[in-house]
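Below is one structure; the comments refer to it alone.
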Amino acid sequence: MGFTFVVEHMEADDPTPRALPRWVELEYTHMCTLAGPASRVAFTHLSPAASASLSASLASAPSAQQQPTAAAAECTEDSVLALMRARGVPLEQVCLLDPRAPAPLAPDDGDGRFAWFLFGVRDDPPRDRTSELRALGFPTRHLGAVQMTTDTALGVAKRVVVDGLALDTIPYVDHPTIRFNARESVEMPFRYMIAPGTVDEPLLPPGMKEHLHADLDQAFEL
């Protein structure tokens with residue numbers, strides 16, 4: 001069964017004419033791969049500049065739009081509520097992934113009771129964007145107590161509602177150390193799924209390790 005995974009970015013009113021940070025583009029592109037070809041991914045409430053740059057990035061990324069194994073994606077300045085009205089999707093069919101939800105996401109949640117799964121973005125610096133969505137009255141589920149990157153959260157939700165895996169059967173690694181060489185490394189303060197074929201390597205977006213290394217080198221140069 002195909003679902004729509006919605007990432008509410010909440011910056012359509014941002015007057016700053018800027019594109020998304022590179023790490024956000026890498027995570028958002030990775031989401032299309034993780035969602036799989038039977039699903040759709042909608043990036044909503046983007047600023048005009050972010051919508052244009054992300055659309056171009058997704059269209060050119062070999063790990064997303066050019067692979068038949070990736071989900072179709074759309075980028076829009078509309079909010080999730082506006083998109084729901086346009087598509088005729090009622091509130092009760094949209095599940096908000098909320099760390100404060102009383103119940104975990106379970107395989108039964110993929111039985112058709114929900115058509116869309118909604119995520120707030122991970123901010124830098126952090127803000128509780130989910131609280132703004134929580135106030136709208138969506139039904140909610142959580143993905144566990146440890147904070148995940150947004151692409152990990154989408155990938156985990158897909159494994160649960162599409163693949164039928166329980167949350168506690170998915171292999172994770174928490175707060176992994178990313179090693180670039182014998183002298184350089186960085187600890188990531190999030191939970192990740194374990195990359196296939198490895199014991200404890202985090203499943204990162206393609207290009208993220210190189211981006212983190214470049215950021216680390218730049219910080220040392222300042």
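For clarity, every value in this text was computed on a predicted model and none was experimentally measured.
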Closest heavy-atom pair, G164 versus P107, reported as atoms and distance to 0.1 Å, is O-CG, 3.6 Å
dist E8:CD -> L46:CG (nearest 0.5 Å) comes out at 8.5 Å
For R40 and G2, indicate whether the former's side chain and the latter's backbone hold a donor-acceptor pair under 3.5 Å.
no
Within the structure provided, determine whether E27 and P21 are in side-chain contact (heavy-atom separation under 4.5 Å).
no
Residues T4 and V6: closest non-hydrogen pair is CG2-CG2, 3.8 Å
For G144 and H142, the nearest pair of non-hydrogen atoms, with its separation, is N-ND1, 3.0 Å
**Request:** I would like to know whether N181 and H213 meet side-chain contact (heavy atoms from CB on, under 4.5 Å); could you show each step before the answer?
**Result:** CA-CA 10 Å; N181 52 51; H213 193 193; 4.0 Å; yes
Residues pairing under side chain to side chain donor-acceptor pair (under 3.5 Å) where one sits in residues 160-178, two or more places apart or in two chains, turn out to be K158-D163, R159-D163, D174-R191
Rounded to the nearest 0.5 Å, the OG1 atom of T152 sits from the CD1 atom of I170 at a distance of 11.0 Å
d(T150 OG1, H30 NE2) to nearest 0.5 Å is 12.5 Å
So CG of L26 and NE2 of H211: to nearest 0.5 Å the spacing works out to 6.5 Å
*asked:* According to a hydrophobic-cluster definition based on side-chain heavy atoms being under 4.5 Å apart (Ile, Leu, Val, Met, Phe, Trp, Tyr only), do V156 and V146 belong together?
replied: no
Pairs under 3.5 angstrom only: tabulate donor-acceptor contacts from the side chains of residues 196-207 to other protein residues two or more places apart or in another chain.
unit_1 : atom_1 : unit_2 : atom_2 : d
T198   : OG1    : A195   : O      : 2.8
T198   : OG1    : E201   : N      : 3.3

Subject >> Heavy-atom side-chain proximity of D78 to T44 below 4.5 angstrom >> reply: no
Measure from the side-chain N and O atoms of S60 to the backbone N and O of A56, and report whether any donor-acceptor pair falls under 3.5 Å. yes
In terms of heavy-atom contacts, F117 and L105 come closest through CE2-CD1, 3.9 Å
In this structure, CZ of F5 is separated from CZ of F119 (nearest 0.5 Å) by 6.0 Å
Checklist line | Non-hydrogen side-chain atoms of V80 and W116 separated by less than 4.5 Å | finding: yes
Smallest heavy-atom separation, R113 atom then D108 atom, equals NH2-O, 3.2 Å
### Residues V160, R141; criterion side-chain contact (heavy atoms from CB on, under 4.5 Å); working and verdict
CA-CA 12 Å; V160 174; R141 299 288 190 272; over 6 Å; no
Heavy-atom closest pair (D151 atom, L34 atom, distance to 0.1 Å) is O-CD1, 3.2 Å
One should read off an interatomic distance between I178 CD1 and Y192 OH, to the nearest 0.5 angstrom, of 6.0 Å
Fill in: H9 vs L54 side-chain heavy atoms within contact, under 4.5 Å
no
Next item on the list: Show your reasoning for whether side-chain contact (heavy atoms from CB on, under 4.5 Å) applies to L58 and C32.
Entry: CA-CA 9 Å; L58 292 173; C32 297; 4.0 Å; yes
The ring-ring contact (aromatic ring centres under 6.0 Å, His included) partners of F43 (sequence neighbours excluded) come to Y28
